[in-house]
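Down below is the structure, laid out as C-alpha cells.
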2 protein chains.
Amino acid sequence: MSDRSNPGAGKDRAFVNGLARGLRVLASFSPEHNRMSLGDLAKATGLPKSTIARLVHTLVETGYIYVCPDSGRYSLHPKVLTLGYPVMASMDKRLVALPMMQELADYSRGTVSLGIRDGLSMILIERSRDRTVRALPLDIGSRIPMETTSMGHAYFAAAGPVEQDSILEQFKTHDPSRFKEVERTLRGAEKEYADKGYCTAVGIWEDDVNAVGVAVTLSNDVLAAFNCGGPSSRITEDSLPDLGARLADLAQHFQTADWVGQLPPRPYRGVQPT
Amino acid sequence: MSDRSNPGAGKDRAFVNGLARGLRVLASFSPEHNRMSLGDLAKATGLPKSTIARLVHTLVETGYIYVCPDSGRYSLHPKVLTLGYPVMASMDKRLVALPMMQELADYSRGTVSLGIRDGLSMILIERSRDRTVRALPLDIGSRIPMETTSMGHAYFAAAGPVEQDSILEQFKTHDPSRFKEVERTLRGAEKEYADKGYCTAVGIWEDDVNAVGVAVTLSNDVLAAFNCGGPSSRITEDSLPDLGARLADLAQHFQTADWVGQLPPRPYRGVQPT
DNA sequence: GTACGCTATACCGCTATGCGGTACGATTAT
DNA sequence: ATAATCGTACCGCATAGCGGTATAGCGTAC
C-alpha cells in the first residue's frame with residue numbers, strides 16, 4: 001500500500017505521509033484550476049476521496065483553504081502567501097533592482113523579471129512590466145522551464161560546474177529522451193553567455209516570444225537571473241543585442257550596488273497570524 | 001495527549017494532525033528567524049523535538065525546506081512561493097492598479113500597497129514604492145494589523161455589517177481587554193470613511209508613520225484596501241487630505257477600469273514542479 | 001582536559017490515528 | 001426520471017506517527 005506521496009524509497013519511519021499529501025493538495029491548485037471540488041482534488045492528486053476529504057478538512061480548519069461562498073468549491077486562501085513572505089524578505093536585495101527593472105521594462109516595452117532556480121525550473125521572485133501592457137502572464141511565484149527560457153539559460157551558464165552537473169543529471173533522470181538535446185542547448189547557452197554576456201531566446205519557449213537573460217548573485221549568495229522579453233511584435237529579434245547589453249548593464253549595476261547598510265536593521269513589522 | 005495543532009474541539013476524526021503540525025512548522029519561520037535548528041523549531045512550535053525532526057525531514061524530502069549549506073540550519077525553500085502563485089493569479093486585477101500605484105508612490109514619495117484581510121490582519125498582495133526610497137519594509141505576503149493601520153480601517157469601513165460583526169466578534173474573543181478600544185477605533189474609522197472617503201492613520205501603527213487608506217473590490221468580489229503612507233518626514237500630516245483624495249481617486253479608477261476581456265484567456269504558462 | 005551545551009540521529013514500544021473502503025442523502029445536470 | 005455529481009458519515013483495521021529516551025558529533029568554555 002505504501003503509496004508515499006513523494007517517490008523515495010520503500011519505508012521511511014520518519015516520513016509523515018499526511019503532511020506530504022496535504023502539501024500535494026495545496027500544490028495541486030493552479031491558476032486555471034483554482035476552485036476545485038473534492039473529486040477534482042482526488043483526481044489531481046491521485047488520492048482516494050475520503051483521504052482528500054480529511055486533508056481538505058484539515059486545511060480548511062487551519063485556514064489555508066476556504067470554501068467559496070458561491071460555488072461551494074474549495075480554493076486557496078490568501079493566507080498561503082504568508083508562508084512565502086520570509087523567503088521574499090530574505091531576498092530583499094532584489095528591491096534595489098526594482099526601479100532598474102521598471103526602467104528597462106518601459107524602455108523595451110516588455111517585461112523584466114528576476115528568478116531563481118528550483119529543480120529544473122525557474123521561480124519568479126520579482127517582475128516589472130511596461131506600463132502600456134495589460135497582460136503580465138508570469139507573476140511572482142510562477143514557474144518557467146529552465147531549458148527553454150533565456151532566464152534559465154543565463155542561470156545555467158553562470159552556475160558553477162558542480163551545480164551544472166547536478167542540473168544535467170536531473171535532466172537525464174527526469175527526461176532521458178530529451179537529455180542530449182537539452183544538454184546541447186544548455187552548453188550552447190553557456191558559450192553564448194561567455195561570448196556576449198547574455199543569453200538570447202528567440203521563440204524557443206513560445207513561438208512569438210523573444211527574450212534575453214543575464215545572471216546575478218543575490219545578497220545571500222544565491223544565484224539568480226534576470227530576463228527581459230515579450231511578444232516578438234514588441235521585442236524584435238533585432239533589438240535583442242541592445243536589450244542584452246542593457247540587461248547586462250542592469251545586472252552589473254545591481255551586482256555592485258552598495259546594498260549592505262542601506263537598510264536599517266528593521267524588526268519584523270508584521271504581526272502574528274491571529 | 002491529543003494536542004491538536006489548531007485549537008478546535010477535543011477529537012476530530014477527520015483532522016490530520018501531522019499536516020497541521022507541518023504547516024505550523026512552515027509558518028514558524030519569519031524574516032528574522034529564517035534559519036532555524038530543530039531545537040529552535042521545537043521551541044517556536046511547542047512540539048517535541050522528535051516530532052519536529054520527523055516533520056522537518058518530511059518537509060526537506062518534499063522540498064519546501066532545505067538545509068543551509070553553510071550553517072547547517074533549516075530554511076524555507078523558495079518553492080513555498082509557488083504555493084501562493086495561484087492566489088496571486090486569481091487576483092490579477094490588481095495588475096491594472098500597479099501603474100497607478102507607482103504613480104502615486106512617486107508623487108507622495110512614500111509607499112502604496114494593496115491588501116486583503118485574513119483574520120484580524122491584512123495581508124499585502126501588491127506594493128509600489130517611491131523610487132527614491134531604499135527601504136520597503138512590507139513586502140508581498142506580509143501581514144499588518146487591522147486595528148492600527150489605515151488599510152485595515154478602510155477595509156473595515158467598507159465591509160458589510162455581517163463581516164464587521166464577525167471581525168469584532170473575533171477581536172472580542174481574541175483580546176477582550178482591548179476590545180472596547182478597538183471597537184471604538186473601528187467604528188470611528190467607519191465614520192471617517194463615510195465622511196471623507198478615506199481613512200487616516202497618524203502615528204497609530206508606528207509613531208512616525210502616517211498613512212491613508214481606501215477600500216476597493218477585486219474582480220472576484222473580494223474586498224481589499226489600498227493604503228498610501230510613509231515616514232512622517234515625507235508624508236506629513238498636512239498632506240494626508242490631498243493623498244487621501246488621490247488614493248480615493250485611484251481606487252475609483254481602478255474599480256471602474258474595464259478589466260474583463262483585456263486579458264486574453266491565457267493558459268497556464270508555468271510548468272510542473274519537476 | 002573535561003564538562004558542557006548544542007547539534008542531529010537512532011531506536012522502540014504503544015496506541016491513537018489516519019486510512020480507504022463503502023454507503024448515504026442532497027444537488028444539479030442530462 | 002436517470003445519472004452524475006456534490007459532500008458527509010460510518011467503521012474496522014493496521015500501521016503510521018508519536019514522544020519518550022539514548023547516542024554520537026561538534027564547538028565552546030572553563
Side-chain angles (χ1 to χ4, degrees), chain A residues 1-26 28-29 33-62 64-75, chain B residues 1-26 28-29 33-62 64-75:
Chain A
M1 196 120 326
S2 76
D3 158 43
R4 277 204 28 182
S5 255
N6 231 24
K11 31 180 52 192
D12 182 355
R13 296 271 292 156
F15 191 83
V16 182
N17 222 338
L19 173 52
R21 290 175 155 189
L23 291 171
R24 241 167 61 182
V25 170
L26 286 180
S28 68
F29 287 87
H33 300 118
N34 55 346
R35 299 184 178 191
M36 305 223 268
S37 70
L38 293 185
D40 294 336
L41 289 167
K43 252 171 250 158
T45 58
L47 296 173
K49 219 172 67 173
S50 47
T51 299
I52 292 289
R54 240 173 304 116
L55 296 172
V56 168
H57 170 70
T58 308
L59 291 170
V60 169
E61 285 284 309
T62 51
Y64 291 99
I65 278 184
Y66 72 100
V67 192
C68 267
D70 45 332
S71 60
R73 315 192 93 126
Y74 300 98
S75 189
Chain B
M1 192 109 335
S2 78
D3 158 42
R4 277 205 27 181
S5 254
N6 231 25
K11 32 181 50 187
D12 181 356
R13 296 273 292 158
F15 191 84
V16 181
N17 223 337
L19 172 53
R21 290 174 156 189
L23 291 171
R24 241 166 63 181
V25 169
L26 286 181
S28 68
F29 287 87
H33 300 116
N34 55 347
R35 298 185 178 193
M36 307 223 265
S37 69
L38 291 186
D40 295 335
L41 289 167
K43 251 170 248 156
T45 59
L47 296 174
K49 222 170 66 172
S50 47
T51 298
I52 291 289
R54 240 173 304 117
L55 295 173
V56 169
H57 170 71
T58 308
L59 290 170
V60 170
E61 284 285 309
T62 51
Y64 291 98
I65 280 184
Y66 71 99
V67 193
C68 267
D70 45 332
S71 59
R73 316 196 123 195
Y74 300 97
S75 189

To the nearest angstrom, how far is [X] atom [atom1] from [N] atom [atom2]?
X	N	atom1	atom2	result
Arg54(A)	dT17(C)	CZ	C1'	9 Å
Leu19(B)	dA16(D)	CG	C1'	15 Å
Asn17(B)	dG18(C)	CG	P	5 Å
His57(A)	dC6(D)	NE2	P	20 Å
Ile52(A)	dG18(C)	CD1	P	15 Å
Leu47(A)	dG18(C)	CG	C1'	13 Å

> Which parts of nucleotides 5-15 of chain C does protein reach within less than 4.0 Å, heavy atoms only, written one letter per nucleotide 5' to 3' as B for base, S for sugar-phosphate only and - for none?
Replying inline: --SBB--BB--
>> Measuring to OP1 and OP2 of dG19(D), would you say a side-chain N or O of Thr51(B) lies under 4.0 angstrom away?
In response: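 Yes, Thr51(B) has a side-chain N/O under 4.0 Å of OP1/OP2 on dG19(D).
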> Arg21(B) side chain N/O closer than 4.0 Å to the phosphate oxygens (OP1, OP2) of dC18(D)?
Replying inline: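 The answer is yes; a side-chain N or O of Arg21(B) sits under 4.0 Å from OP1 or OP2.
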>> With side chain to side chain contact (heavy atoms under 4.5 Å, CB included) as the test, pick out the partner of Leu26(B) among Val56(B), Leu59(B), Leu55(B).
In response: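 Testing each of Val56(B), Leu59(B), Leu55(B) against Leu26(B), the sole residue satisfying side chain to side chain contact (heavy atoms under 4.5 Å, CB included) is Leu59(B).
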>> side-chain contact (heavy atoms from CB on, under 4.5 Å) for Arg21(A) and Leu47(A)? Distances and angles first, verdict last.
In response: CA-CA 8 Å; Arg21(A) 290 175 155 189; Leu47(A) 296 173; 3.6 Å; yes
> Just by modelled atom types, is the Thr45(B) backbone N or O under 3.5 Å from a matching donor or acceptor in the Arg24(B) side chain?
Replying inline: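 Such a contact is found between Arg24(B) side chain and Thr45(B) backbone.
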> Taking Thr58(A) for the side chain and Val16(B) for the main chain, is one N or O donor matched with an acceptor at less than 3.5 Å?
Replying inline: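 At least one qualifying donor-acceptor pair exists.
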Approximate separation, where rounding is to 0.5 Å, of [X] [atom1] and [Y] [atom2]:
X	Y	atom1	atom2	value
Leu41(A)	Arg73(A)	CG	CZ	9.5 Å
Lys43(A)	Ile52(A)	NZ	CD1	12.0 Å
Leu23(B)	Tyr64(B)	CG	OH	10.5 Å
Met36(A)	Ile65(A)	CE	CD1	8.0 Å
Asp40(B)	Phe29(B)	CG	CZ	9.0 Å

> Dot-bracket for DNA chain D, 5' to 3', with Watson-Crick and G-U pairs under 3.5 Å, [ ] for crossing pairs and | for other-strand pairs: what is it?
Replying inline: ..|||.|||||||||||||||||.||||||
> Counting side-chain heavy atoms from CB outward, which of dC19(C), dG20(C), dG20(D) is closest to Pro48(A)?
Replying inline: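 Shortest atom-to-atom distance from the side chain points to dG20(C).
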